[in-house]
Amino acid sequence: MTPISRLIGFLVVALLVGAGTLALTQRGFLAPEDPKEAGLRWLKKEYRLDEATFERVRQLHEEYYSKCDNMCREISAADRPLLNRMRAQSEPVTDDLAREQELCSECEKSTETHLRKVAELLPKEQQQHFLDDILGAVHRQRVAHDKALTILEKQP
Amino acid sequence: MNPDDSDSLDKLLKQWVVNNHVDSDFRREVWQRIATDSRQSPWMERLAWWLLRPKREAFVLASVVAAAVLWGLTHPPQSEMSPHDAYVMSVSPFDPHHIEGIHP
């Protein structure tokens, strides 16, 4: 084996050891970034919020997330057994669907109220842009969600 | 072959003296050539000769591991979704990953 081929082999091994160590360090010791934190950081940067405004925005979000936790627990309790039963095709689900739709409407209302409160804290010229962007996305997701439920409901 | 020719050849061979003395200039020239050749060898080959010693190899590997750990600890893995999508996911109850992502 020539010295150059030994050198290339050694460098390849060193590269693999480095890549493996990096992957282990990142995946093994660090949790992925919390989406809530990543989202809030995006909001601060995108709308160029000063510290005081950002603190108020954060406070609003913490209150919302707390409320959201409770509603998600209710949805988890209602939605998943509902979907499971629908998939198992064991019994009629009309009442459960009605309850789920009710919960979804409550969630949507709560989200819309929250986003409008957040928009009020943003610079005036950006408020509408924020609502069009985020509230628009929520509405589109609601439509897709309802469509999926309708398809499930129609399944024999 | 004529016997006279053989005698004259013998005489000639007897007169021949082997000169095994090497001129000092010749030696200098040889060393200069060796030095020039080693200077002109490819840099990778010289690097290989320098680096491929057990202690140096171990040092390089240890440095690579330390650098990877340092880089990994200071650069947390990025979420697969964009920060915008992470925000939408965190606030929208209709996002497909809302419950799993926010309330795992």
Side-chain angles (χ1 to χ4, degrees), chain A residues 2-8 10 13-15 17-27 29-43 45-46 61 64-65 68-69 71-73 75-76 79 104 107-108 110-111 114-115 118 133-134 137-146, chain B residues 34-35 37-104:
Chain A
T2 65
I4 290 179
S5 57
R6 270 194 67 207
L7 177 69
I8 291 170
F10 173 72
V13 168
L15 203 66
V17 167
T21 308
L22 183 63
L24 273 178
T25 310
Q26 285 191 322
R27 309 281 166 212
F29 300 112
L30 299 172
E33 192 176 25
D34 181 1
K36 289 182 200 169
E37 282 304 314
L40 282 174
R41 224 187 31 252
W42 168 79
L43 197 63
K45 193 178 169 190
E46 182 73 12
H61 278 82
Y64 172 73
Y65 289 142
C68 188
D69 275 345
M71 297 186 82
C72 282
R73 267 194 286 275
I75 286 185
S76 290
D79 188 18
C104 288
C107 277
E108 188 177 23
S110 168
T111 305
H114 165 69
L115 291 175
V118 173
D133 180 15
I134 308 299
V138 173
H139 286 154
R140 282 193 298 279
Q141 287 179 346
R142 171 76 203 253
V143 170
H145 173 265
D146 287 356
Chain B
I34 290 170
D37 282 354
S38 68
R39 274 202 301 275
Q40 286 173 350
S41 65
W43 65 270
M44 271 186 73
E45 198 170 323
R46 280 183 281 137
L47 177 68
W49 282 113
W50 180 82
L51 186 65
L52 298 176
R53 303 273 189 274
K55 278 186 183 172
R56 285 175 185 157
E57 285 176 336
F59 177 76
V60 169
L61 283 178
S63 304
V64 166
V65 168
V69 168
L70 200 66
W71 180 269
L73 290 176
T74 52
H75 295 76
Q78 295 294 309
S79 169
E80 285 171 10
M81 63 176 64
S82 70
H84 171 272
D85 291 348
Y87 182 73
V88 171
M89 183 183 93
S90 73
V91 294
S92 172
F94 305 107
D95 188 282
H97 305 292
H98 179 73
I99 291 180
E100 293 83 358
I102 303 296
H103 314 283

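So that the names make sense, note that chain A is the first sequence line, chain B the second, and so on, each numbered from 1.
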Residues A/Y64 and A/T111: side-chain donor-acceptor under 3.5 angstrom: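 Result is yes, a qualifying pair exists.
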
Check whether A/E108 gets within reach of chain B through its side chain, its backbone, both or neither, counting any heavy atom under 4.5 Å.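 Contact with chain B: backbone and side chain both.
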
Side chain, backbone, both or neither of A/L15 within contact of chain B (heavy atoms, under 4.5 Å):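 Looking at A/L15, nothing touches chain B.
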
Could you tell me if the side chain of [Y] sits less than 4.5 Å from the side chain of [X], heavy atoms only?
| X | Y | value |
| --- | --- | --- |
| A/V118 | A/H114 | yes |
| B/E45 | A/L7 | no |
| B/S90 | A/Y65 | yes |
| B/L61 | B/V65 | no |
| B/P83 | A/R41 | no |

Name the member of A/G20, A/A19, A/A14 that forms the most heavy-atom pairs with chain B at distances under 4.5 Å. A/A14

May I ask you to name which of A/V13, A/V143, A/D133 has the most heavy-atom pairs under 4.5 Å with chain B?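 Looking at each of A/V13, A/V143, A/D133 in turn, A/D133 comes out on top.
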
A quick test of your reading: do over 12 heavy atoms of other residues, nucleotides or ligands sit less than 6.0 Å from CH2 of A/W42?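 Result for CH2/A/W42: enclosed.
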
With chain A as the partner chain, list the residues of residues 50-59 of chain B whose heavy atoms fall under 4.5 Å from it, by residue number, and write 'none' if nothing qualifies. B/L51, B/L52, B/E57

Answer key: most heavy-atom pairs under 4.5 Å with chain A among B/V69, B/D85, B/V60 is B/V69

For a quick test of reading the model, state the closest non-hydrogen atom pair linking B/V88 to A/A137 and the distance between them.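 B/V88 and A/A137 have their closest heavy atoms at CG1-CB, 4.0 Å.
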
